[in-house]
Amino acid sequence: MRIIKNLSMLLAVLGGLFTLGMMIYTGQGWKQGADWWIGFAALGLGNLVPYAGLIGCALLARRRARQAVAVLIGTMLLVGLSIILLVHGFIVDPKEQNLLLFIIMPAGQLVWVGILLIVTLVLGISRGAGRPSSDAKAQ
């Protein structure tokens with residue numbers, strides 16, 4: 001189970017780094033001055049929040065193996081779809097309006113992370129937690 005959690009966290013970190021790399025690539029950060037980098041820092045942090053949420057979900061998935069598997073699947077889907085969107089939007093079919101992806105995509109990712117968080121918490125609830133045990137009935 002620990003390997004699954006670590007893999008989820010690694011995928012989230014790699015997804016965040018890929019997103020930041022695409023931001024630098026599209027803005028040609030290596031040619032820009034300090035003003036660009038200040039704006040990049042603010043927008044970049046906003047784009048990293050969903051990936052930090054994925055890491056949080058992975059850290060919460062400590063009780064059961066099914067939690068860790070659910071987080072891994074959710075992380076793979078979110079990171080995979082994000083990479084596909086960014087590659088299509090900035091390499092395959094680059095357009096000026098595709099820059100909006102860096103504003104809109106984190107909002108959708110946060111919705112996904114919220115759903116994944118709920119699923120993780122629900123899968124972590126032990127069965128019969130609200131029912132009295134058979135030992136308590138006997139007494």
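Note that the structure is a prediction, hence the values are computed from the model and not measured. Residue numbers start at 1 and run along the sequence shown.
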Roughly how far, to the nearest 0.5 Å, is [atom2] of [Y] from [atom1] of [X]?
X: Leu123; Y: Leu60; atom1: CG; atom2: CG; result: 12.0 Å
X: Leu77; Y: Ser82; atom1: CG; atom2: OG; result: 10.0 Å
X: Gln67; Y: Leu116; atom1: CD; atom2: CG; result: 10.5 Å
X: Thr26; Y: Leu99; atom1: OG1; atom2: CG; result: 5.5 Å

Are [Y] and [X] connected into the same hydrophobic cluster when the rule is that any two of I, L, V, M, F, W, Y join if their side-chain heavy atoms are below 4.5 Å apart?
X: Ile83; Y: Ile103; answer: yes
X: Ile55; Y: Val69; answer: no
X: Ile104; Y: Trp112; answer: yes
X: Ile38; Y: Leu45; answer: no
X: Leu54; Y: Leu17; answer: no

Describe, in one word, how the ring planes of Phe102 and Phe90 are oriented to each other, choosing from parallel (under 30°), tilted (30 to 60°) and perpendicular (over 60°).
parallel
Parallel, tilted or perpendicular: which one describes the rings of Phe40 and Trp36, with boundaries at 30° and 60°?
parallel
Does the separation of the ring centres of Phe18 and Tyr51 fall below 6.0 angstrom?
no
Evaluate the criterion side chain to side chain contact (heavy atoms under 4.5 Å, CB included) for residue pair Leu11 and Leu72; output intermediate values, then yes/no.
CA-CA 9 Å; Leu11 282 173; Leu72 178 62; 3.9 Å; yes
For [X] and [Y], which heavy atoms make the closest approach, and how far apart are they?
X: Gly46; Y: Pro106; result: O-CB, 3.9 Å
X: Val113; Y: Cys57; result: O-SG, 4.1 Å
X: Asn98; Y: Asp93; result: ND2-O, 2.8 Å
X: Gln109; Y: Asn47; result: OE1-O, 4.4 Å
X: Ala68; Y: Lys5; result: CB-CG, 4.3 Å
X: Ile91; Y: Pro94; result: O-CD, 3.6 Å

A side-chain contact here means heavy atoms from C-beta on lying under 4.5 Å apart; do Met9 and Leu59 qualify?
yes
Side chain to side chain contact (heavy atoms under 4.5 Å, CB included) between Leu86 and Met105: does it pass, once the steps are laid out?
CA-CA 9 Å; Leu86 290 172; Met105 197 170 71; 3.8 Å; yes
Side chain to side chain contact (heavy atoms under 4.5 Å, CB included) evaluation trace for Arg2 with Ile4:
CA-CA 5 Å; Arg2 189 174 191 191; Ile4 296 172; over 6 Å; no
After noting the C-alpha distance and the side-chain angles of Val79 and Leu14, does the key distance pass the side chain to side chain contact (heavy atoms under 4.5 Å, CB included) rule?
CA-CA 8 Å; Val79 171; Leu14 292 176; over 6 Å; no
